[in-house]
Amino acid sequence: MRKRIRAALPALAGAVALTGTVLSGPAEAAGGVTIHRVYFDSPGKDTRTNTSLNGEWVQIRNTGASAVSLKGWVLKDPDNHKYTFPDIKIGAGKYIKVRTGSGTDTSATKYQNRRAYVWNNTSDTATLLRAGGTKVDSCSWTTRDASDTYC
């Protein structure tokens with residue numbers, strides 16, 4: 001079972017803002033940045049090799065019409081494993097993948113440089129927060145069988 005959870009907009013969720021703009025959800029309020037997918041169960045045995053660690057990842061997507069700075073944004077789990085985004089922007093319509101293991105960062109792939117898995121195979125929640133701590137998006141899962149490998 002996979003469940004998408006969107007943070008509620010403060011006070012007037014879905015209401016007309018003072019500027020007259022209607023925001024249909026927090027992703028729009030965050031420039032369209034969402035957790036697109038979490039691949040929580042890397043292929044094969046969990047061997048803790050760098051290849052296996054990098055087999056689990058979170059893909060962030062910008063569905064908005066303009067680039068969004070992710071500087072200081074945080075991707076975390078309930079156990080408080082945190083990845084803080086460096087001074088980068090995610091372009092309109094673009095994706096950024098955050099892998100658990102080590103590697104060389106590019107504009108499309110970032111690495112947490114961990115030596116242990118972050119995302120639990122059986123159930124977990126990935127949460128994306130703005131630099132100030134405001135929740136932007138989260139994705140939770142509970143696996144039912146071995147074919148459930150991403151959120």
Side-chain angles (χ1 to χ4, degrees), residues 1-43 52-103 105-114 116-145 147-151:
M1 173 197 304
R2 297 173 199 101
K3 179 169 60 172
R4 299 292 299 181
I5 303 169
R6 303 273 185 215
L9 288 174
L12 301 173
V16 176
L18 294 177
T19 61
T21 303
V22 176
L23 299 175
S24 65
E28 288 182 25
V33 177
T34 64
I35 295 174
H36 178 68
R37 180 164 286 164
V38 180
Y39 199 91
F40 55 83
D41 188 4
S42 61
S52 182
L53 290 168
N54 283 330
E56 70 171 25
W57 43 260
V58 177
Q59 190 174 45
I60 307 298
R61 180 179 183 194
N62 181 359
T63 62
S66 59
V68 174
S69 172
L70 297 181
K71 182 180 182 182
W73 285 38
V74 173
L75 177 65
K76 69 183 221 81
D77 73 347
D79 291 328
N80 218 26
H81 296 105
K82 293 181 179 179
Y83 172 77
T84 303
F85 286 87
D87 189 6
I88 60 164
K89 287 186 178 184
I90 182 170
K94 299 293 183 184
Y95 299 83
I96 292 177
K97 206 174 264 188
V98 180
R99 295 185 179 272
T100 299
S102 299
D105 285 350
T106 68
S107 61
T109 305
K110 303 298 176 194
Y111 294 87
Q112 295 190 53
N113 297 310
R114 294 184 181 274
Y117 300 97
V118 172
W119 311 110
N120 297 324
N121 294 350
T122 54
S123 66
D124 212 340
T125 300
T127 302
L128 182 63
L129 306 168
R130 290 180 192 253
T134 305
K135 184 174 165 183
V136 174
D137 194 14
S138 66
C139 186
S140 297
W141 59 91
T142 303
T143 58
R144 290 177 294 195
D145 59 50
S147 67
D148 286 341
T149 56
Y150 63 84
C151 174

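Side-chain atoms are counted along with the backbone in the values below, which use heavy atoms only and exclude waters and symmetry mates.
Residues I60 and L128 are in side-chain contact: their nearest non-hydrogen atoms beyond the backbone lie under 4.5 Å apart. Residues L70 and V33 form a side-chain contact, since some pair of their non-hydrogen atoms from C-beta on lies under 4.5 Å apart. Counting only heavy atoms from C-beta outward, the side chains of F40 and D124 never approach each other to under 4.5 Å. Between V58 and W119, the closest side-chain pair of non-hydrogen atoms falls below 4.5 Å. You'll find the side chain of W57 stays beyond 4.5 Å of the side chain of V98, heavy atoms only. Looking at heavy atoms from C-beta onward, T127 lies in side-chain contact with K135 at the 4.5 angstrom threshold.
To the nearest 0.5 angstrom, N54 atom CG is 10.5 Å from K97 atom NZ. Between the CH2 atom of W73 and the NZ atom of K71 there is a distance of 14.5 Å, given to the nearest 0.5 Å. In this structure, the separation between CD1 on I35 and CG on D137 is 5.0 Å, given to the nearest 0.5 Å. Here the OH atom belonging to Y95 is positioned 10.5 Å from the CG atom belonging to N62, to the nearest 0.5 angstrom.
In this view, S102 and N50, N113 satisfy the side chain to side chain contact (heavy atoms under 4.5 Å, CB included) rule, not counting sequence neighbours. Contacts of Y117 classified as side-chain hydrogen bond (donor to acceptor under 3.5 Å, both in side chains), with partners at least two apart in sequence or in another chain: S52. With sequence neighbours excluded, no residue forms a side-chain hydrogen bond (donor to acceptor under 3.5 Å, both in side chains) with Q59. N121 meets the side-chain hydrogen bond (donor to acceptor under 3.5 Å, both in side chains) test with D41, D46; sequence neighbours excluded.
Of all non-hydrogen atoms in S107 and I96, the two that sit nearest each other are O-CG1, 3.7 Å. The shortest non-hydrogen separation linking S140 to T125 is OG-OG1, 2.7 Å. In plain terms, the two heavy atoms of V38 and A126 that are nearest each other are CG2-CB, 3.8 Å. Listed here is the closest heavy atom pair of Q112 and T100: CB-O, 3.5 Å. Across S123 and T142, no two heavy atoms sit closer than the pair CB-OG1, 3.9 Å. Here the closest non-hydrogen pair linking A92 and S66 is CB-N, 3.6 Å.
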**Request:** Check the pair K76 / L129 against side-chain contact (heavy atoms from CB on, under 4.5 Å), numbers first and verdict last.
**Result:** CA-CA 8 Å; K76 69 183 221 81; L129 306 168; 3.7 Å; yes
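Using modelled atom types and a 3.5 Å distance limit, the side chains of S42 and E56 yield no donor-acceptor pair.
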Please report, to 0.1 Å, the donor-acceptor pairs under 3.5 Å made by any side chain of residues 78-90, with sequence neighbours excluded.
{"unit_1": "H81", "atom_1": "ND1", "unit_2": "D77", "atom_2": "OD1", "d": "3.2"}
{"unit_1": "H81", "atom_1": "ND1", "unit_2": "D77", "atom_2": "OD2", "d": "2.8"}

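At most 12 non-hydrogen atoms from other residues, nucleotides or ligands lie less than 6.0 angstrom from NZ of K94.
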